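Reviewing the structure listed below.
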Amino acid sequence: MPEGPSLIIAREALMPFKGKKIVHASGSAKIDHDRLNKTKLLDIRTWGKHLLLCFDGFTIRIHFLMFGTYYINSEKDSVPKLAFEFAKGYVNFYTCAVRLIEEPLDDIYDWSADVMSDQWDPKNARKKLKDHPDMLVTDALLDQDIFSGVGNIIKNEVLYRIKLHPKTRLADVPARKLTELIREAHDYAFDFLNWKKENTLRQHWLAHTKKICSRDGDHIHKEYLGKTKRRTFFCNTCQEYYH
DNA sequence: CCGGTTGTTCAGCG
DNA sequence: GCGCTGAACAACCG
């Protein structure tokens with residue numbers, strides 16, 4: 001569920017409820033459900049991995065973390081974190097972090113950082129990357145302030161696609177390669193979205209969970225790299241290590 | 001059946 | 001106040 005493209009799918013699935021009134025809100029999330037009862041769901045937005053349910057004067061932010069899911073007009077056998085009942089239909093959110101946000105969204109979200117957004121701005125991303133010369137590219141792609149919506153799968157696939165070694169420091173990335181990094185973070189996310197919709201995402205992975213490099217037949221390494229120590233799959237032969 | 005993980009936040013420590 | 005670590009959360013897949 002968690003990476004940015006999946007949130008686009010979630011938003012689309014929820015759009016039928018836009019403008020509809022919540023008849024009853026419930027769930028185990030520690031929020032004031034009374035604020036939701038009999039209020040209209042004005043809009044559904046996303047910022048990276050955040051699902052934003054907009055109401056008059058506040059927003060419910062849902063983060064699906066690793067295992068979060070949602071069921072529309074159906075449920076599974078566990079207590080939802082949050083559940084909305086409309087006059088026609090209902091939604092259940094499971095295993096997610098729910099938070100009520102009072103601030104205007106424009107005050108707290110940099111929309112240009114979201115690789116899935118119309119407002120995604122490669123130039124801003126480049127500026128931010130310049131500010132972190134010692135950051136490894138494997139960490140940079142996971143930085144939600146720079147590449148909001150990019151997760152570990154997208155990270156691995158982008159680095160493989162542009163033939164860049166995950167341990168490369170940002171300062172050592174050639175300018176042209178940096179352009180590719182930024183472009184591919186956006187482009188691969190949309191390939192991810194399309195494949196996810198077709199249910200063919202897994203079969204399109206070239207590096208993530210792979211053992212053999214399809215370019216040169218070499219072994220794909222699996223290491224836990226960077227500050228975040230996340231699973232990183234890479235080929236030492238075709239992914240150039242600049243240092 | 002167990003181990004691992006598409007992620008984030010927070011407490012605790014030096 | 002900082003950076004770092006580890007825990008907590010929790011469900012599905014192989």
Side-chain angles (χ1 to χ4, degrees), chain A residues 1-11 13 27-31 46-52 59-71 74-83 92-101 103 108-110 113-116 131-161 166 184-211 220-234:
Chain A
M1 175 62 218
E3 301 198 33
S6 302
L7 273 285
I8 300 297
I9 294 170
R11 177 179 176 272
S28 62
K30 292 186 191 101
I31 55 157
T46 61
W47 181 82
K49 301 167 189 170
H50 296 198
L51 179 66
L52 302 165
T59 305
I60 295 289
R61 189 196 82 178
I62 294 180
H63 198 302
F64 291 103
L65 303 166
M66 287 268 219
F67 319 117
T69 50
Y70 57 95
Y71 280 48
S74 59
E75 55 273 299
K76 56 177 193 165
D77 190 20
S78 62
V79 179
K81 280 273 179 179
L82 189 61
N92 291 306
F93 298 99
Y94 301 92
T95 343
C96 50
V98 180
R99 195 187 289 192
L100 193 147
I101 300 175
E103 300 99 317
I108 52 174
Y109 287 116
D110 172 8
D114 180 2
V115 296
M116 304 310 296
D131 290 339
H132 304 281
D134 290 324
M135 190 185 264
L136 306 187
V137 293
T138 192
D139 284 325
L141 279 167
L142 291 174
D143 189 320
Q144 299 299 295
D145 292 330
I146 307 173
F147 296 106
S148 170
V150 170
N152 205 36
I153 297 172
I154 296 178
K155 175 198 82 176
N156 284 324
E157 292 298 307
V158 166
L159 291 174
Y160 183 82
R161 273 192 173 193
E184 208 57 56
H186 171 273
D187 291 0
Y188 181 77
F190 279 87
D191 286 344
F192 184 121
L193 173 61
N194 291 327
W195 291 329
K196 182 102 186 167
K197 282 180 174 174
E198 294 175 350
N199 239 326
T200 61
L201 179 62
R202 229 164 246 260
Q203 69 200 56
H204 282 97
W205 289 343
L206 298 175
H208 192 75
T209 71
K210 293 300 187 183
K211 296 214 159 47
I220 296 237
H221 292 260
K222 180 177 93 167
E223 285 181 39
Y224 294 80
L225 298 182
K227 279 192 183 176
T228 49
K229 298 205 171 58
R230 298 296 300 281
R231 234 174 19 145
T232 308
F233 295 88
F234 60 97

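Quick caveat: nothing in here was measured; it's all calculated off a predicted structure. Lettering follows sequence order; numbering is per chain, from 1.
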- Message: For A:N152 and A:K155, which I'm curious about, is there any donor-acceptor pair between the side chains at under 3.5 Å?
- Response: yes
- Task: Could you check how far CD1 of A:I62 sits from C1' of B:dT8, rounded to whole Å?
- Result: 15 Å
- Message: Rounded to whole Å, please give me the gap between NZ in A:K155 and P in B:dT5.
- Response: 11 Å
- Message: In whole Å, measure the gap between the C1' atoms of C:dT5 and B:dT6 for me.
- Response: 23 Å
- Message: Can you give me the closest heavy-atom contact between A:L225 and A:T232, atom names plus distance?
- Response: CB-OG1, 3.7 Å
- Message: Under the rule for ring-ring contact (aromatic ring centres under 6.0 Å, His included), what residues qualify as partners of A:F233, not counting sequence neighbours?
- Response: A:H208
- Here the distance between atom C1' of B:dG7 and atom CG of A:L7, to the nearest Å, is 12 Å
- Message: Please report the distance, rounded to the nearest Å, between CD in A:E3 and C1' in B:dT5.
- Response: 12 Å
- Query: side-chain hydrogen bond (donor to acceptor under 3.5 Å, both in side chains) with A:N92: which residues, sequence neighbours excluded?
  - Reply: none
- Task: Rounded to whole angstrom, note down the P distance from C:dA10 over to B:dC1.
- Result: 22 Å
- Looking only at atom types and distance, does a side-chain atom of A:W195 sit under 3.5 Å from a main-chain N or O of A:R202, one as donor and one as acceptor? no
Got a list of protein N/O to nucleotides 1-4 of chain C N/O distances below 3.5 Å?
none

- Task: Grab the CZ-P distance between A:R230 and C:dG6 for me, whole Å please.
- Result: 16 Å
- Give a yes or no answer on whether the side chain of A:Q144 reaches the backbone of A:G48 with a donor-acceptor pair at less than 3.5 Å. no
- Atom OH of A:Y188 and atom P of B:dT6: how far apart are they, to the nearest Å? 13 Å
- Report the residues that fulfil side chain to side chain contact (heavy atoms under 4.5 Å, CB included) with A:K30, sequence neighbours left out, ordered by chain and then residue number. none
- Determine the sole option in A:K196, A:Q203, A:E198, A:K197 for which the side-chain hydrogen bond (donor to acceptor under 3.5 Å, both in side chains) test with A:T200 is passed. A:E198
- Item | Nearest-0.5 Å distance, CG of residue A:L52 to CZ of residue A:R99 | 12.0 Å
- Item | Partner set under salt bridge (Lys or Arg N to Asp or Glu O under 4.0 Å) for A:R161, not counting sequence neighbours | A:E184, A:D191
- Task: Can you sort out the partners of A:F234 under ring-ring contact (aromatic ring centres under 6.0 Å, His included), two or more places apart, ordered by chain and number?
- Result: A:H165, A:H221
- Task: With sequence neighbours excluded, tell me which residues meet salt bridge (Lys or Arg N to Asp or Glu O under 4.0 Å) with A:E223.
- Result: A:K167
- Task: Mark up nucleotides 9-14 of chain B, 5' to 3', with B wherever a protein heavy atom is under 4.0 angstrom from a base atom, S wherever such an atom reaches only the sugar-phosphate, and - elsewhere.
- Result: S-----
- Query: Do any pairs count as a salt bridge (charged side-chain N to carboxylate O under 4.0 Å, His left out) and have a residue in residues 132-153 of chain A, sequence neighbours left out, and if so which ones?
  - Reply: A:D134-A:R169
- Task: Please list, by residue number, the residues of residues 138-152 of chain A whose heavy atoms come closer than 4.0 Å to an atom of DNA chain B; answer none if no residue qualifies.
- Result: A:Q144, A:G151, A:N152
- Query: What are the two closest heavy atoms between A:F190 and A:M116, and how far apart are they?
  - Reply: CZ-O, 3.7 Å
- Could you walk me through whether A:H186 and A:F147 pass the ring-ring contact (aromatic ring centres under 6.0 Å, His included) check? CA-CA 9 Å; A:H186 171 273; A:F147 296 106; over 10 Å; no
- Message: Whether A:K49 contacts B:dT6 is assessed here as follows: a side-chain N or O lying under 4.0 Å from the phosphate OP1 or OP2. Is that the case?
- Response: no
- Looking at A:A189 and A:V115, what are the two nearest heavy atoms and their distance? CB-CG2, 4.1 Å
- Task: Could you tell me the separation between the CE atom of A:M66 and the P atom of B:dT8, rounded to a whole number of Å?
- Result: 9 Å
- Whole-Å distance, A:I8 CD1 to B:dT6 C1', equals 16 Å
- Note on the structure: In B/S/- notation (B base, S sugar-phosphate only, - none; protein heavy atoms under 4.0 Å), nucleotides 8-14 of chain C written 5' to 3' is --BBS--
- Mind checking which stems touch DNA chain C? I mean at least 3 consecutive Watson-Crick or G-U pairs, both distances under 3.5 Å. B:2-5 with C:11-14, B:7-14 with C:2-9
